[in-house]
Chemist: 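Provided herewith is a single structure, encoded as structure tokens, for subsequent inquiry.
Just follow the structure's listing: the first ligand is 1, and inside any ligand the first atom is 1.
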Amino acid sequence: MAQQAGGQHTLSEITHQQEAWESALRAVGANADALCGLWQSRAWREVLFVGCGSTHYLSRAAADLLASHAGIPAKGIPASELLLYPDAVLAARAGAEPPLLVAISRSGRTTETVQAIDVYRRRAGGAVVALTVYPNTPMTGAANMALIAKEAHEESVAQTRSFASMYLLACGVVGVLGKDQDYFAQLRRLPDRAEALLGEAGEMTEAIGADMTLERFFFLGGGLRYGLAREAMLKMKEMSLTYAEAFHFMEFRHGPMSMVDDRTLVVGLVAESTQAHEVAVLREMQALGAHVLALSEGGNLELPGARQIALRGGVEESALGVLYLPPLQLIAYHRALKKGLNPDRPTNLEAVVILNA
Ligand code: F1P
């Protein structure tokens with residue numbers, strides 16, 4: 001990865017997502033039959049998604065999506081939990097089939113993820129699907145099959161278009177395992193929307209990123225949006241060294257709102273089906289002095305005084321998730337620049353965490 005000052009890589013990776021998203025969906029399409037065959041080869045008891053950092057949050061979102069959209073039992077956990085606590089993670093009734101493991105990693109080289117695959121193979125003897133960006137890695141070598149979003153490669157340390165593209169790989173897996181052709185057709189509509197959305201949200205994300213009166217950022221999301229909210233939180237921390245946390249919407253009332261004041265931005269990843277509850281939380285936080293940014297399909301929630309971003313995916317709620325990401329990535333990028341940080345090179349971080357044996 002070449003050193004470059006000023007975050008040019010990050011900006012270019014955030015603003016050039018369309019081709020990467022398309023490449024992800026192509027990869028799923030090309031492997032759909034093989035994936036279907038693997039899925040039907042055994043009565044897998046559930047799907048276990050694992051990753052680290054960003055890809056752990058992706059695992060969580062993917063598991064929630066698979067369970068809610070396709071009705072297939074799933075969980076998303078850090079790879080290190082599978083590595084260190086395999087008895088707990090793989091616990092099952094005698095004679096039960098193993099879970100299908102979906103390992104997610106941009107680099108395909110993160111130690112915990114690679115070692116977790118090994119532990120899973122020895123303990124459960126099942127099959128592994130890798131979701132990644134790069135071919136020919138320890139992870140792809142250890143997997144039964146790999147779905148690769150080739151155009152999503154990155155120079156930056158922080159994952160932006162790679163996260164969104166691997167999330168779309170996971171959405172494609174949901175479409176295949178759920179045997180839902182229509183879902184797949186909806187996903188194909190999303191790449192075209194990416195660029196326009198970034199244009200529409202550009203000015204607002206820059207203004208929020210430049211607002212140094214804001215000290216704390218809270219990202220709220222329910223269901224599959226909880227994993228996405230955690231990823232947005234991580235972007236804010238990694239790139240801009242800002243205090244940020246993520247919560248389920250209604251959990252926020254149960255303690256965390258003590259931290260809310262007029263130096264707080266509460267970002268809501270609002271879903272149409274649950275918006276009455278979610279907008280109520282956002283209104284209450286406004287009353288406590290918080291600034292609010294709400295992202296929703298129509299961008300027209302009843303939230304006077306709040307900033308709003310319209311996703312306008314024109315697809316069903318469960319297919320929309322990826323569109324929440326680019327505007328939130330841009331806010332983290334702009335805030336990093338405003339603080340004089342280089343978003344391409346987050347403090348204390350490398351692109352991959354490789355541990356010594
Ligand atoms: C995962 C990861 C990133 C994080 C950091 C270190 O890498 O934890 O999420 O931002 O750069 O690596 P990977 O397994 O997805 O390659």
Chemist: Thinking salt bridges, do Glu200 and Arg193 make one under a 4.0 Å N-O criterion?
Modeler: yes

Chemist: Counting the benzene-type ring for Trp, do Phe218 and Phe252 have ring centres under 6.0 Å apart?
Modeler: yes

Chemist: Who gets closest to atom 16 (O) of ligand 1 by heavy atom: Ala103, Gly51, Ser107?
Modeler: Ser107

Chemist: Non-hydrogen atoms of Ala351 versus ligand 1: any pair closer than 4.0 Å?
Modeler: yes

Chemist: With rounding to the nearest 0.5 Å, note down the distance linking NE2 in His56 to CZ in Arg60.
Modeler: 7.5 Å

Chemist: Give the atom numbers and elements of ligand 1 that come within less than 4.0 Å of a heavy atom of Gly53.
Modeler: 8 (O), 9 (O)

Chemist: Centroid-to-centroid, His69 to Tyr183, below 6.0 Å?
Modeler: yes

Chemist: Say whether, by atom type as modelled, one donor and one acceptor occur between the side chain of Glu317 and the main chain of Glu272 under 3.5 angstrom.
Modeler: yes

Chemist: Which protein non-hydrogen atom lies closest to atom 2 (C) of ligand 1, naming both residue and atom, and how far is it?
Modeler: Cys52 O, 3.8 Å

Chemist: For ligand 1, which is the ligand I care about here, please tell me if Arg106 has any N or O atom under 3.5 Å from one of the ligand's N or O atoms.
Modeler: yes

Chemist: For atom 14 (O) of ligand 1, grab the closest protein heavy atom and report residue, atom and distance to one decimal in Å.
Modeler: Thr110 OG1, 2.5 Å

Chemist: For Glu238, take its heavy atoms, then give the atoms of ligand 1 lying under 4.0 Å from any of them.
Modeler: 4 (C), 10 (O)

Chemist: Please identify which atoms of ligand 1 are closer than 4.0 Å to at least one heavy atom of Glu350.
Modeler: 5 (C), 6 (C), 11 (O)

Chemist: Looking at Gln181, I want to see if its CD is surrounded by more than 12 non-hydrogen atoms of other residues, nucleotides or ligands under 6.0 Å.
Modeler: no

Chemist: Taking atom types as modelled, is there a side-chain donor on Glu151 or Ser165 under 3.5 Å from an acceptor on the other?
Modeler: no

Chemist: Can you sort out which atoms of ligand 1 are near Val157, meaning under 4.0 Å from one of its heavy atoms?
Modeler: 11 (O)

Chemist: Mark up the atoms of ligand 1 that fall under 4.0 Å of a heavy atom belonging to Ser54, in ascending order.
Modeler: 9 (O)

Chemist: Within the supplied structure, the quantity of interest is the number of heavy atoms (other residues, nucleotides, ligands) at a distance under 6.0 Å from Glu302 CD; does it exceed 12?
Modeler: no

Chemist: Closest non-hydrogen protein atom to atom 3 (C) of ligand 1, residue and atom name please, with distance?
Modeler: Gln159 NE2, 3.8 Å

